[in-house]
Amino acid sequence: MSLPKNYNDSVFLNCPFDSLYKPLFDAMVFAVHDCGFIARCALEEVDASEVRIDKIYNIIEDCRYGIHDISRTELDNASGFPRFNMPLELGVFLGAKKFGQLVQKRKYCLILDKEPYRYQAFISDIAGQDIHAHNNDAEEIVTIVRNWLTTASRRKRIPGGRKIWEHYQGFKADLPQLAQEFQLEAEALIYNDFVYMIVEWLTTQPNDD
């Protein structure tokens, strides 16, 4: 099997996409790119002719790394059931690593929850794995993601968590003007536009060295 394009740089993000989680998600996406990687998730695909789970399969296949936040276990007000998408996609990722060909066996996984050991009450089968608690704190997510990517990739010269957080604050301050330059609204950016803004901003920043 040939290596998928950008496989060693791609990070699959499996987490809630709602407004409550958005501050954490945006910080995570920025951290991934500031570390020199590419954030991938289901929001980038808009092909209505393709079944959603097939989109997930394809993105997971293309990513060596995966970040999975299983913290969203609250019951949905409308259905009365919790959302199971995150555990399902985590299972697909772990299955690809376990049963896939050699390229897929090189996958690395980060699992997040909002509190330490909470996951043991609802998904105990992963109790033997190292789960990181972010306490619903965006800055903490940035540091966790940075430290994990540095360790998993063994890449050198990735900025520290505090420095990436400083970069992110600068990006947020500049985003309205940057979006305006591209005739976009900062408050209404779709995922692909948001990633494009991040990449554009990072390429204009001076080297911290």
Side-chain angles (χ1 to χ4, degrees), residues 2-17 21-45 55-70 86 89-90 92-94 96-97 100 102-112 129-132 134 138-172 175 178 189-209:
S2 61
L3 195 68
K5 183 180 180 181
N6 298 320
Y7 180 74
N8 289 318
D9 296 322
S10 297
V11 183
F12 172 61
L13 304 185
N14 168 26
C15 54
F17 296 140
Y21 191 86
K22 192 174 189 303
L24 307 180
F25 178 71
D26 289 352
M28 183 189 301
V29 173
F30 183 89
V32 167
H33 282 271
D34 201 11
C35 288
F37 294 82
I38 303 168
R40 304 283 309 276
C41 76
L43 294 177
E44 70 188 51
E45 297 290 343
K55 299 176 186 178
I56 301 298
Y57 292 155
N58 292 335
I59 296 172
I60 288 176
E61 181 183 14
D62 289 345
C63 296
R64 182 177 186 183
Y65 304 97
I67 300 174
H68 306 263
D69 192 329
I70 58 173
M86 278 67 75
E89 292 172 24
L90 169 61
V92 172
F93 192 93
L94 294 176
K97 177 179 175 66
L102 182 60
V103 170
Q104 299 300 320
K105 292 183 184 299
R106 298 170 60 190
K107 290 184 180 299
Y108 284 88
C109 181
L110 171 65
I111 304 175
L112 301 171
Q129 296 176 264
D130 189 15
I131 314 298
H132 294 263
H134 54 64
E139 185 173 1
E140 196 160 345
I141 276 190
V142 165
T143 297
I144 291 171
V145 168
R146 180 270 170 197
N147 290 346
W148 173 72
L149 282 173
T150 299
T151 302
S153 68
R154 299 184 180 180
R155 297 186 186 182
K156 308 298 182 184
R157 304 190 66 78
I158 292 178
R162 181 176 298 178
K163 180 59 68 174
I164 293 176
W165 182 252
E166 292 176 1
H167 293 169
Y168 182 51
Q169 300 313 300
F171 167 73
K172 288 198 297 182
L175 182 57
L178 182 60
L189 295 175
I190 64 173
Y191 175 76
N192 290 338
D193 288 334
F194 182 66
V195 169
Y196 183 70
M197 295 293 99
I198 292 173
V199 173
E200 284 293 308
W201 187 87
L202 288 173
T203 58
T204 65
Q205 299 310 296
N207 193 310
D208 288 326
D209 293 342

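One is the number of the first residue; the rest follow in order along the sequence. Note that this is a predicted model, so its numbers are computed, not measured.
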Of all residues at least two apart in sequence or in a different chain, which pass the side-chain hydrogen bond (donor to acceptor under 3.5 Å, both in side chains) check with E140? N135
Just do the side-chain contact (heavy atoms from CB on, under 4.5 Å) check on K97 and Y108 with the steps written out, would you? CA-CA 8 Å; K97 177 179 175 66; Y108 284 88; 5.7 Å; no
Assess the residue pair H134 and D69 against the criterion (side-chain contact (heavy atoms from CB on, under 4.5 Å)); give the C-alpha distance rounded to whole Å, side-chain angles, the decisive distance to 0.1 Å, and a yes or no. CA-CA 9 Å; H134 54 64; D69 192 329; 2.8 Å; yes
Using modelled atom types only, decide if a donor and an acceptor are shared between the side chain of Q104 and the backbone of E61 within a distance under 3.5 Å. yes
Can you tell me how far the OH atom of Y21 sits from the CE atom of M28, to the nearest 0.5 Å? 3.5 Å
Please enumerate all residues that pass side-chain hydrogen bond (donor to acceptor under 3.5 Å, both in side chains) together with Q205, with sequence neighbours excluded. none
Taking A39's backbone N and O only, do any of them form a donor-acceptor pair with H33's side chain (distance below 3.5 Å, no angle check)? yes
Do you know which two heavy atoms are closest between I56 and A42, and how far apart they sit? CD1-CB, 3.6 Å
In Å, rounded to the nearest 0.5 Å, how long is the span from CG of N14 to SG of C41? 9.5 Å
Partners passing side-chain hydrogen bond (donor to acceptor under 3.5 Å, both in side chains) against N8 (at least two apart in sequence or in another chain): R64, R106
Once rounded to the nearest 0.5 Å, what's the spacing between atom CD1 of I144 and atom CG of L112? 6.0 Å
Any chance you could lay out the side-chain contact (heavy atoms from CB on, under 4.5 Å) test for H132 and N147, step after step, and finish with the verdict? CA-CA 11 Å; H132 294 263; N147 290 346; over 6 Å; no
To the nearest 0.5 Å, how far apart are CG in L13 and OH in Y65? 14.0 Å
Crowded around R162 CZ? As in, over 12 foreign heavy atoms under 6.0 Å? no
Taken to the nearest 0.5 Å, the spacing of I111 CD1 from F93 CZ works out to 9.5 Å
What are the two closest heavy atoms between D34 and P159, and how far apart are they? O-CD, 4.0 Å
Do the side chain of K107 and the main chain of G66 share a donor and acceptor less than 3.5 angstrom apart? no
In Å, rounded to the nearest 0.5 Å, how long is the span from OG of S10 to CD1 of I38? 4.5 Å
Hey, is D9 close enough to R40 for a salt bridge, meaning N to O under 4.0 Å? no
